[in-house]
Protein chains: 2
Amino acid sequence: MKGMEKILDQTDLRILDELSKNSRITMKELSEKVHLSSPATSARVEKLVTAGIIEGYTIKVNQLKMGYFVHAMISVIMKGSHHEPYLSYIKTQAPFVLQNYKISGDSCYLLECKFPSNEVLDEFLVGLSEFVNYKLSIIISK
Amino acid sequence: MKGMEKILDQTDLRILDELSKNSRITMKELSEKVHLSSPATSARVEKLVTAGIIEGYTIKVNQLKMGYFVHAMISVIMKGSHHEPYLSYIKTQAPFVLQNYKISGDSCYLLECKFPSNEVLDEFLVGLSEFVNYKLSIIISK
DNA sequence: TCCATTCCTTTCATTTATAAAGTCAAAGCG
DNA sequence: CGCTTTGACTTTATAAATGAAAGGAATGGA
């Protein structure tokens, strides 16, 4: 972990850990956890943000409680060499698409998706099959 | 989206959207965006947390800048019916393991991992192959 | 040695969050 | 129908947190 040692010390790592557990922690509390003053801690956090190490503050959402009962991984194999129609279709399906990884291996892309039901998943797959071949895996649990 | 309509109104969805973009937003600013007072907004957020819809506040970290240059998906097929040795091995490799999904389909698990180098990935795979067969895909980009 | 830089501390003014009290509308009950 | 309760809000007061500013210490370079 070469480049990492140079930029991040133990305090930075501790800050990242605490923020990953609760990004709304008060700077006062965070400073107590890392044994610095609040302004020093705040400056550290700002530096992590400016450096792009912290890309953003966000929330973990329970997808089931949001009504997305189906979590799926779809391996995508292109039918031809034109990716654009597939990528356009994925854009139209943004509410369902969590990730669209470009991957090495047997497939070209790996899609992580969420759907409210199997019916919606099926509709999505019908649309998808116009552009690509795919292999479906349903995520049973994390 | 049946259960969802009953629980979440447009304001809740807006709150979730804003918090997903910046979970450190001040309650004052969030309240202005959703046109409620600060205490009312705070109560709404608290309710989303209590209901388990918001599971936590966290950060998005740039893994490359953290020194993890290799992002991999590994499909895991059990050699036998004993999952425990595999699961134990995964526990020992916690710093590298982002997700361990149990999935339907050809494989049993889908592992999402990060590694600082191909060397470390290789070591991981050597260990893994004691327990399971696997198929490796490297994530080239998101 | 001196100066600049970096990283910290303390203090204080300002802002934000929370607690408390009150209001209003809708639902439920007699 | 009238009254009470409940839920969701507002405003105000109080407590807590944040950010700006000033100062200090340690380190590295000339």
Side-chain angles (χ1 to χ4, degrees), chain A residues 1-68 95 116, chain B residues 1-68 95 116:
Chain A
M1 316 201 195
K2 186 160 183 182
M4 201 181 93
E5 276 184 54
K6 187 168 181 183
I7 300 170
L8 302 179
D9 64 14
Q10 283 301 310
T11 300
D12 290 321
L13 291 175
R14 184 72 199 278
I15 287 169
L16 287 168
D17 188 48
E18 292 298 332
L19 284 172
S20 73
K21 292 177 192 164
N22 175 17
S23 62
R24 281 191 71 86
I25 190 171
T26 63
M27 210 51 79
K28 180 176 187 295
E29 191 179 340
L30 183 55
S31 71
E32 282 161 5
K33 285 176 187 286
V34 301
H35 311 299
L36 289 178
S37 68
S38 295
T41 308
S42 185
R44 288 267 192 148
V45 172
E46 185 57 39
K47 200 168 149 194
L48 290 170
V49 171
T50 300
I53 292 166
I54 296 179
E55 291 183 316
Y57 301 103
T58 192
I59 50 175
K60 290 180 287 188
V61 176
N62 186 308
Q63 296 295 344
L64 278 178
K65 293 190 175 179
M66 288 287 287
Y68 291 101
Chain B
M1 313 202 194
K2 187 161 182 182
M4 201 181 92
E5 277 186 54
K6 188 168 180 182
I7 301 169
L8 302 178
D9 64 14
Q10 283 303 310
T11 300
D12 290 321
L13 292 174
R14 184 73 198 278
I15 287 170
L16 287 168
D17 187 48
E18 293 297 332
L19 284 172
S20 74
K21 292 178 193 165
N22 175 17
S23 62
R24 281 191 70 85
I25 191 171
T26 64
M27 208 53 78
K28 180 177 188 293
E29 191 180 340
L30 183 56
S31 72
E32 283 161 3
K33 285 175 186 285
V34 301
H35 311 298
L36 288 178
S37 68
S38 294
T41 307
S42 185
R44 287 268 192 147
V45 172
E46 184 57 39
K47 201 167 146 193
L48 291 170
V49 171
T50 300
I53 293 166
I54 297 180
E55 292 183 314
Y57 300 103
T58 192
I59 50 175
K60 290 181 287 188
V61 176
N62 186 309
Q63 297 293 344
L64 278 179
K65 292 188 175 179
M66 288 287 287
Y68 290 102

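Each chain gets a letter, A, B and so on, in the order its sequence line appears, and its residues count up from 1.
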Rounded distance [0.5 Å steps], CG in A:Leu8 versus NZ in A:Lys47: 9.0 Å

Got A:Lys21 and A:Asp17 here, is their nearest side-chain heavy-atom distance under 4.5 Å? yes

In terms of side-chain geometry, is the basic nitrogen of B:Arg44 or B:Asp9 positioned less than 4.0 Å from the acidic oxygen of its partner? yes

A:Lys47 side-chain N/O to C:dC7 phosphate OP1/OP2 under 4.0 Å: yes

What is the separation between atom CG on B:Asp12 and atom P on D:dC9, rounded to the nearest whole Å? 9 Å

Residue pair A:Leu30 / A:Asn22, side-chain heavy-atom distance below 4.5 Å: no

For the CD atom of A:Glu29 and the OG atom of A:Ser38, what is their distance to the nearest 0.5 Å? 11.0 Å

Residue B:Ser37, side-chain heavy atoms: nucleotide from D:dT10, D:dA8, C:dC7 that is nearest: D:dT10

Taking all heavy atoms of A:Ile59 and all of B:Ser23, pick out the closest pair and write down the distance. CG2-CB, 4.1 Å

Between C1' of D:dC9 and CZ of B:Arg44, the distance in whole Å: 10 Å

Rounding to an integer number of Å, can you tell me how far B:Ile15 CD1 sits from D:dA8 P? 12 Å

For DNA chain D, what residues of residues 53-62 of chain A have any heavy atom nearer than 4.0 Å? none

Spacing of B:Leu36 atom CG relative to D:dG7 atom P, expressed in whole Å: 18 Å

Counting only N and O atoms by type, is there a donor-acceptor contact under 3.5 Å from the side chain of A:Lys65 to the main-chain atoms of B:Ala51? yes

Walk along nucleotides 14-28 of chain D from 5' to 3' and tag each nucleotide B, S or - by protein heavy-atom contact under 4.0 Å, base first, then sugar-phosphate. ---SSSB--------

Let me confirm one number: the OG1-CD1 distance from B:Thr41 to B:Ile15, rounded to the nearest 0.5 Å. 5.5 Å

